[in-house]
A.B. asks: 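Take a look at the following structure, please.
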Amino acid sequence: MSAPQGEPGVAVVTGAANGLGAAIATRLHRAGHTVVVADVDGPAATAAAAALDPSGVTAHAHQLDVADRDSVQGLLDFAIELGEVRVLVNNAARTRSTPLMEITADELASVLSVNFHGVFYACQIFGSYMSDRGYGRIVNMASLAGQNGGTATGGHYASSKGAVLSATKVFARELARRGVTVNAVSPGPQDSPAVEQIVGADNLATFAENIPVGRLGDPAFIAEMVALLATPGAASVTGACWDANGGLYLR
Ligand SMILES: NC(=O)c1ccc[n+]([C@@H]2O[C@H](COP(=O)([O-])OP(=O)(O)OC[C@H]3O[C@@H](n4cnc5c(N)ncnc54)[C@H](O)[C@@H]3O)[C@@H](O)[C@H]2O)c1
């Protein structure tokens, strides 16, 4: 039986074992959703789900590779068993900072297949399911890099995120009449392990000073933005990109 539109249902978050995805899963769980912590790192997903609900009733781990279409279909099949899937957050990504002219064909394919193909497959598969039910909220994690070409990340990462922004628009347009919204959140550098790894712990303070607001972003706030877009009340927001970049990119 489907949940009434004002009530939480199942929320699926890819790449939810770590970083921003874990913060988003935590926030959606707090909002009352049954959360699927989906990640290529199965043990980390299991640990993250257990941290949300040790009893395993309202938080579930699922191992998948978003770059594999069948794996994404398997994620939907898994989530449907838990109830009506009302929210999908396409958060999984490979963040790489290889110098532009040194990016190999294999690394380019790998970054694009996870960061872009994974989002595209999930928008098709979950979008069709949600559209049949007449309700859904899809949020794609884009990046400032997809808008300005990147500050510290590689050209393949930036290109993949630009493609995510385009995919957000085309799926938003396709699904608008079916009660399904598709939006993007576009963070600048966050106070997160991925940024620390790319910038280097010793350079973090200087890096943050060079952001107009003088600080890294807060993943918990990104999770608030995602959670707001995931509410029924966000019905008129679709095809949008909400920025949180500390003033690094103004438009
Ligand atoms: N951290 C930032 O400052 C920042 C800035 C802009 C955008 N973003 C975006 O936010 C999202 C989360 O970023 P983060 O910093 O938390 O990343 P992260 O690297 O800390 O976590 C990414 C997660 O995705 C998982 N993952 C990787 N490949 C996968 C695959 N093929 N299938 C399933 N799961 C896979 C990883 O195991 C990991 O748990 C990403 O889309 C990233 O591009 C982050």
Side-chain angles (χ1 to χ4, degrees), residues 12-27 36-49 51 61-75 78 88-97 107 109-122 138-154 156-165 167-168 184-199 204 207-208 211 215-223 225-226 241-246 248-249:
V12 174
V13 185
T14 67
N18 296 289
L20 273 56
I24 292 163
T26 301
R27 180 64 185 81
V36 178
V37 176
D39 205 286
V40 74
D41 185 341
T46 300
H62 184 78
Q63 199 268 335
L64 91 160
D65 177 359
V66 297
D68 173 35
R69 201 177 192 285
D70 291 343
S71 199
V72 178
Q73 179 65 54
L75 173 61
F78 175 83
L88 167 70
V89 184
N90 285 312
N91 167 83
R94 299 194 73 194
T95 305
R96 294 288 178 274
S97 57
E107 188 174 316
S110 160
V111 167
L112 281 173
S113 64
V114 174
N115 297 10
F116 172 55
H117 295 183
V119 172
F120 202 94
Y121 297 149
I138 298 176
V139 183
N140 297 327
M141 292 305 295
S143 173
L144 167 64
Q147 299 167 302
N148 77 346
T151 40
T153 46
H156 45 357
Y157 174 85
S159 301
S160 72
K161 292 298 182 174
V164 167
L165 288 168
T168 299
V185 169
S186 189
Q190 300 296 301
D191 186 359
S192 62
V195 169
E196 181 168 333
Q197 194 188 353
I198 284 184
V199 175
L204 263 187
F207 184 79
I211 297 171
R215 51 172 293 165
L216 294 165
D218 177 3
F221 182 73
I222 299 295
M225 295 172 76
V226 173
C241 171
W242 284 5
D243 296 348
N245 58 43
L248 279 167
Y249 178 70

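Note that the structure is a prediction, hence the values are computed from the model and not measured. First listed ligand is number 1; within each ligand, the first listed atom is number 1.
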A.B. asks: Examine distances only and state if a side-chain atom of D65 and a backbone atom of V40 form a donor-acceptor pair shorter than 3.5 Å.
C.D. replies: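 Pair absent, no side-chain N/O of D65 close to backbone of V40.
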A.B. asks: Treating D39 as the side-chain partner and A45 as the backbone partner, does any N or O pair qualify as donor plus acceptor under 3.5 Å?
C.D. replies: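 No; zero donor-acceptor contacts below 3.5 Å.
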A.B. asks: Would the distance check show the side chain of K161 and the main-chain N or O of G149 forming a donor-acceptor pair, the cut-off being under 3.5 Å?
C.D. replies: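 Checked: no pair found.
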A.B. asks: I need the contact residues for ligand 1: any residue with a non-hydrogen atom closer than 4.0 Å to the ligand, ordered by chain then number.
C.D. replies: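 Protein residues near ligand 1 are G15, N18, G19, L20, D39, V40, L64, D65, V66, N91, A92, A93, V114, M141, A142, S143, Y157, K161, P187, G188, P189, Q190, S192, A194, V195.
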A.B. asks: Using 0.5 Å steps for rounding, measure from the CG atom of N140 to the OG1 atom of T14.
C.D. replies: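 Those atoms lie 9.0 Å apart.
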A.B. asks: For Q147, what residues pass the side chain to side chain donor-acceptor pair (under 3.5 Å) criterion, not counting sequence neighbours?
C.D. replies: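 If we apply the side chain to side chain donor-acceptor pair (under 3.5 Å) test to Q147, skipping adjacent residues, the hits are S186, D243.
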A.B. asks: Taking S192 for its side chain and Q190 for its backbone only, find out whether a donor-acceptor pair lies under 3.5 Å.
C.D. replies: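 Side chain of S192 to backbone of Q190: a pair is present.
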